[in-house]
Amino acid sequence: MRIERLTTLDGAGLHDYARLTDVALRRVQEPAGGLYLAESLAVIGRALRAGHRPRSVLTSERWLDDLEPLLHGHDVPVYVGAPGLLEELTGFHLHRGALASMHRPEPRDPAELLRDARLVVVVEDVVDHTNVGAIFRSVAGLGADAVLITPRCADPLYRRSVRVSMGTVLQVPWARLPEWPEGATLLHEHGFTIAALALDDRAVGLRDFAATRPPRIALLLGSEGDGLSRPALDVADVVVTIPMLHGVDSLNVAAASAVALYALGDPVSSAPGPSS
């Protein structure tokens, strides 16, 4: 790594960190595909172990010794500055050790992810980055094989999603599905039963569904406000619900994903997933 100590904020290499939104980073034309920000030493380490390429790193003097082994073999600039200067640049206090500008990986082919999978999570139009990150963390911890997201779902590589997931969005295989019904056709072609998690008169309880679970399941989760769309429910093979008490009708989508994955999977003996 190449250490560059900052006394001003005039360097062109600092543009990645200069209060740019996630949308702006994604639209960076060079490199092709854009960038994302990995925040904290732990998340940067997971990104590097997943094969993602850093463009530069921003940190303070106190974290250099911890950062050096992570960046071994990567010839990238490491911008080092006083905490107040870094906060002026980024707009927030950099208290998690470092911030890395990373090249976005090439998009994955959903058919590739489905080929050997047994349990996948399909996220339809969830727009809150916190919920997206929490769903990925549940997938990583509870043993699902991949996440598929619809075209209007929030980007898993937004900084908040990455942070909330504890970096697991950088490890869990994921791809974007085409719109319904094409997305459902792809799932059915690979032998998946589409199980929609929703409130519906025809729904079966989660325990009953898990007791006789089919060999390949695509667990379909809906948006925070309206839940699953009518086209999503129309393509589902079964509707599953989590029975609730005390007049509560449902859980937050991220919490519901964790409950359903625990019921449907086996964290101890599931197929190998992303490593930490």
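In what follows, every heavy atom counts, from backbone to side chain, and hydrogens, waters and symmetry copies are set aside. Residue numbers count from 1 along this sequence.
- By the neighbour-count criterion of 12 heavy atoms within 6.0 Å, atom CG of Asp109 is densely surrounded, having more than that number from other residues, nucleotides or ligands.
- In the hydrophobic clustering of this structure, Val123 does not group with Val235; members are Ile, Leu, Val, Met, Phe, Trp, Tyr whose side-chain heavy atoms approach within less than 4.5 Å, directly or through other members.
- Note that CG of Leu170 and CZ of Arg49 are 10.0 Å apart. Values are rounded to the nearest 0.5 Å.
- For the pair Gly97 and Thr59, the tightest heavy-atom approach, listed with the atom from each and the gap, is O-OG1, 2.6 Å.
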Inset, instruction - Step by step, work out the side-chain contact (heavy atoms from CB on, under 4.5 Å) result for Leu6 and Leu58. - result: CA-CA 10 Å; Leu6 304 176; Leu58 187 71; 4.1 Å; yes
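- The distance from atom CG of Leu199 to atom CE of Met244, rounded to the nearest 0.5 Å, is 9.0 Å.
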Inset, instruction - Quick one: do Arg152 and Glu124 satisfy salt bridge (Lys or Arg N to Asp or Glu O under 4.0 Å)? Show the steps, please. - result: CA-CA 8 Å; Arg152 287 180 295 278; Glu124 186 198 41; 5.7 Å; no
Legend entry - Derivation of the salt bridge (Lys or Arg N to Asp or Glu O under 4.0 Å) call for Arg118 and Asp145: CA-CA 7 Å; Arg118 292 294 177 269; Asp145 299 302; over 6 Å; no
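- By the criterion of side-chain heavy atoms lying less than 4.5 angstrom apart, applied directly or through intervening Ile, Leu, Val, Met, Phe, Trp or Tyr residues, Leu197 is not grouped with Leu177; the two fall into different hydrophobic clusters.
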Inset, instruction - Using the side-chain contact (heavy atoms from CB on, under 4.5 Å) rule, take Leu85 and Thr7 through it: C-alpha gap first, then chi angles, then the decisive distance, then the call. - result: CA-CA 8 Å; Leu85 190 65; Thr7 56; 5.9 Å; no
Inset, instruction - Could you give me the CA-CA distance, side-chain angles and deciding distance for Val120 and Leu114, then say whether side-chain contact (heavy atoms from CB on, under 4.5 Å) is met? - result: CA-CA 8 Å; Val120 299; Leu114 292 172; 4.1 Å; yes
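- For the residue pair Ser223 / Asp125, no side-chain donor-acceptor distance below 3.5 Å is found, with atom types taken as modelled.
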Inset, instruction - Just do the side-chain contact (heavy atoms from CB on, under 4.5 Å) check on Leu64 and Ile3 with the steps written out, would you? - result: CA-CA 9 Å; Leu64 272 180; Ile3 297 175; 4.0 Å; yes
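- Distance CZ/Arg163 to OG1/Thr130: 7.5 Å, rounded to 0.5 Å.
- Taking each heavy atom of Pro151 and Arg176 in turn, the nearest pair found is O-NH1, 3.3 Å.
- With hydrogens and angles ignored, the 3.5 Å screen pairs a side-chain donor or acceptor of Ser165 with a backbone N or O of Gly167.
- The two atoms that bring Ala260 and Leu206 nearest to each other are CA-CD2, 3.8 Å, heavy atoms only.
- Here the closest non-hydrogen pair linking Ala210 and Ala263 is CB-O, 3.6 Å.
- No more than 12 heavy-atom neighbours from other residues, nucleotides or ligands sit within 6.0 angstrom of CZ on Arg207.
- The two residues Arg159 and Leu99 make their nearest non-hydrogen contact at CD-CD1, 4.3 Å.
- Side-chain rings of His52 and Tyr36 approach one another, their centers coming within less than 6.0 Å.
- For Glu68, the CD atom is loosely surrounded, since the number of other residues' heavy atoms within 6.0 Å does not exceed 12.
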Legend entry - Chi angles and distances behind the salt bridge (Lys or Arg N to Asp or Glu O under 4.0 Å) call for Asp155, Arg160: CA-CA 10 Å; Asp155 183 359; Arg160 186 168 181 81; over 6 Å; no
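- Here the closest heavy-atom approach between residue Ala198 and residue Leu233 is recorded as CB-CD2, 4.0 Å.
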